[in-house]
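One structure is given here, and the rest of the page talks about it.
Only a predicted model underlies this, so the values are computations on that prediction, with no experimental measurement involved.
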Number of protein chains: 2
Amino acid sequence: MARITGSNGERTAEAIRQAAIRLIHRQGFAAMNLRELAAEVGIQPGSLYNHIQTKQGLLFELMQEHMQDLLSAMEAALAAAPAEPMAQLRAFLAQHVLYHLERKQEVYIANFELRALEKANAEPILAMRRAYENRLIGLLEEGARAGKLQVADTRIAAYALLAMLTGVCTWYRPGGRLSPEEIVAQHLELALNGVSAAAFECDTTVLPATLGQA
Amino acid sequence: MARITGSNGERTAEAIRQAAIRLIHRQGFAAMNLRELAAEVGIQPGSLYNHIQTKQGLLFELMQEHMQDLLSAMEAALAAAPAEPMAQLRAFLAQHVLYHLERKQEVYIANFELRALEKANAEPILAMRRAYENRLIGLLEEGARAGKLQVADTRIAAYALLAMLTGVCTWYRPGGRLSPEEIVAQHLELALNGVSAAAFECDTTVLPATLGQA
DNA sequence: CCGGAAAACAAACGTATGTTCGTTTAGCCG
DNA sequence: CGGCTAAACGAACATACGTTTGTTTTCCGG
């Protein structure tokens with residue numbers, strides 16, 4: 001959530017946030033240095049400290065804001081959809097893909113820079129992520145109870161679906177071959193087919209035992 | 001340092017590689033420093049340079065070895081499976097999950113430290129990755145032509161499947177609740193259902209338009 | 001047992017890094 | 001216009017980093 005104040009100092013704070021997102025996404029948090037960030041914003045390195053507490057604190061705030069936005073976007077999507085389990089699941093998945101297309105840089109950071117957070121900072125972020133995951137797990141359980149879905153393990157299925165849908169932010173480029181709507185539709189199809197009751201029987205007995213390496 | 005070596009100093013080179021994999025996986029390449037790596041191996045920082053060329057060169061070699069192993073494991077799995085398209089696809093997917101369970105640290109590095117590679121080093125790695133992806137795309141196209149699969153866009157489907165299956169290396173811990181076989185089986189089911197000809201019809205018209213942020 | 005090569009050592013070099021500090025500039029309110 | 005506050009400046013500090021160097025130790029074949 002971004003507050004729109006007319007204040008001038010708040011404007012540089014936002015510029016810092018956006019430049020940081022760009023740089024962290026491009027190079028990673030550890031590889032981004034504050035001199036580069038300051039240059040991108042157009043101020044001196046020391047001036048950053050009028051707006052951030054520390055480099056680590058900046059990352060934490062970016063992640064926190066992002067996770068809050070993701071959670072509230074998800075809740076809004078669920079509230080806007082019919083209460084029926086499959087419609088709720090569909091809404092969750094569609095909003096997930098769309099959000100990841102629109103804010104791929106922040107998503108990328110939130111997913112791959114968790115290890116850069118100090119333990120005390122990682123805890124609340126992880127809690128929010130778990131809350132998000134649990135919402136999906138709950139929907140999958142509802143659908144399974146209603147006989148609309150067939151999943152052997154809802155947690156594994158949730159992780160797998162999230163990984164698949166989150167993957168779009170690693171290759172998506174705005175203005176590419178496919179429109180966001182097409183991408184969302186196709187991922188919805190893959191995801192819903194994957195957990196649908198029309199199950200594909202898989203025998204686990206014939207696995208390739210060919211992982212030998214020197 | 002009394003080294004209980006059986007043969008030669010090639011053993012320290014291997015120790016460096018393994019320690020590097022562990023540290024890069026835990027902290028990221030940029031956040032890992034050579035003093036820490038040397039301490040982990042039990043030598044002085046400068047001694048590393050008897051075995052590596054530069055820090056960047058170490059990362060490149062790790063990635064190159066990993067990609068070569070992944071590619072040859074994949075080719076071996078395909079060669080061991082029946083030539084029929086669906087069996088080939090199944091073998092590819094199963095071997096992918098299994099490999100990612102067994103060597104999750106290297107996989108994690110190869111996937112998420114590409115941006116730490118200098119451009120000249122990234123190129124051959126990216127080429128190998130594309131070769132791997134293209135193998136899957138080819139199998140999906142074969143299956144679609146044979147009428148066994150229904151995928152709107154094979155490239156998107158391949159990316160989505162790979163993202164889903166690769167996701168296991170972010171949460172899997174050896175000795176956890178589920179055996180590797182169970183994990184492979186369930187992911188196979190999700191993946192094959194997802195692209196199966198028994199398609200779930202998805203209308204793209206009702207998408208949540210709830211991504212507004214002020 | 002010896003001599004040469006491979007590898008480890010201790011120490012340093014040059015630079016880059018996050019952060020601090022005292023000072024100066026710019027914007028707003030009365 | 002005058003004064004207060006927030007923010008930018010420029011310079012520095014202390015440390016951490018990748019890497020190099022000269023020297024010493026370890027290992028193995030002849």
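Note: CZ (Arg11(A)) to C1' (dA8(D)) measures 17 Å, nearest angstrom. Computed from coordinates, the Leu58(B) CG to dT19(D) P distance equals 10 Å when rounded to whole Å. Residue Ile43(A) contributes atom CD1, which lies 11 Å from atom P of dA7(D) at whole-angstrom precision. Rounded to whole Å, the distance from CD on Gln56(A) to C1' on dT17(C) is 15 Å. Between Tyr49(A) atom OH and dC13(D) atom C1' the separation is 13 Å, expressed in whole Å. In this entry the distance linking CG of Leu34(B) with P of dG18(D) reads 4 Å, nearest Å. Note: CD (Gln53(B)) to C1' (dA7(C)) measures 17 Å, nearest angstrom. Rounded to whole Å, the distance from CZ on Arg35(B) to C1' on dT19(D) is 9 Å.
Distances shorter than 4.0 Å separate some side-chain N or O of Thr12(B) from OP1 or OP2 on dA8(C). The phosphate of dA10(C) has OP1 or OP2 within less than 4.0 Å of a side-chain N or O from Gln44(B). The phosphate of dG18(D) (OP1 or OP2) has no side-chain N or O of Thr54(B) nearer than 4.0 angstrom. The phosphate of dA8(C) has OP1 or OP2 within less than 4.0 Å of a side-chain N or O from His51(B). Checking the phosphate oxygens (OP1, OP2) of dC9(D), a side-chain nitrogen or oxygen of Ser47(A) falls inside 4.0 Å.
Each of Leu48(B) and Pro45(A) was assigned the nucleotide of DNA chain C with the nearest heavy atom; the assignment lying further toward the 5' end belongs to Leu48(B). The 5' end of DNA chain C is approached more closely, in terms of each residue's nearest nucleotide, by Ala31(A) than by the other of Ala31(A) and Gly46(A).
A salt bridge between Glu14(A) and Arg17(A) is present, with a side-chain N of the basic residue lying under 4.0 Å from a carboxylate O of the acidic one. Under 4.0 Å is where a charged nitrogen must lie from a carboxylate oxygen, and between Arg135(B) and Glu75(B) at least one such pair does. Looking at Arg115(A) and Glu113(B), a side-chain N of the basic residue comes within less than 4.0 Å of a carboxylate O on the acidic one, giving a salt bridge.
Checked against a 6.0 Å centroid threshold, the rings of Tyr108(B) and Phe112(A) do not count as neighbours.
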message: Could you walk me through whether Gln27(B) and Glu36(B) satisfy the side-chain hydrogen bond (donor to acceptor under 3.5 Å, both in side chains) test, starting with their C-alpha distance in whole Å, then the side-chain angles of each, then the deciding distance to 0.1 Å, before giving a yes or no?
response: CA-CA 11 Å; Gln27(B) 321 175 351; Glu36(B) 199 175 2; 2.8 Å; yes
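Here Asn50(B) lies in heavy-atom contact (under 4.0 Å) with a base.
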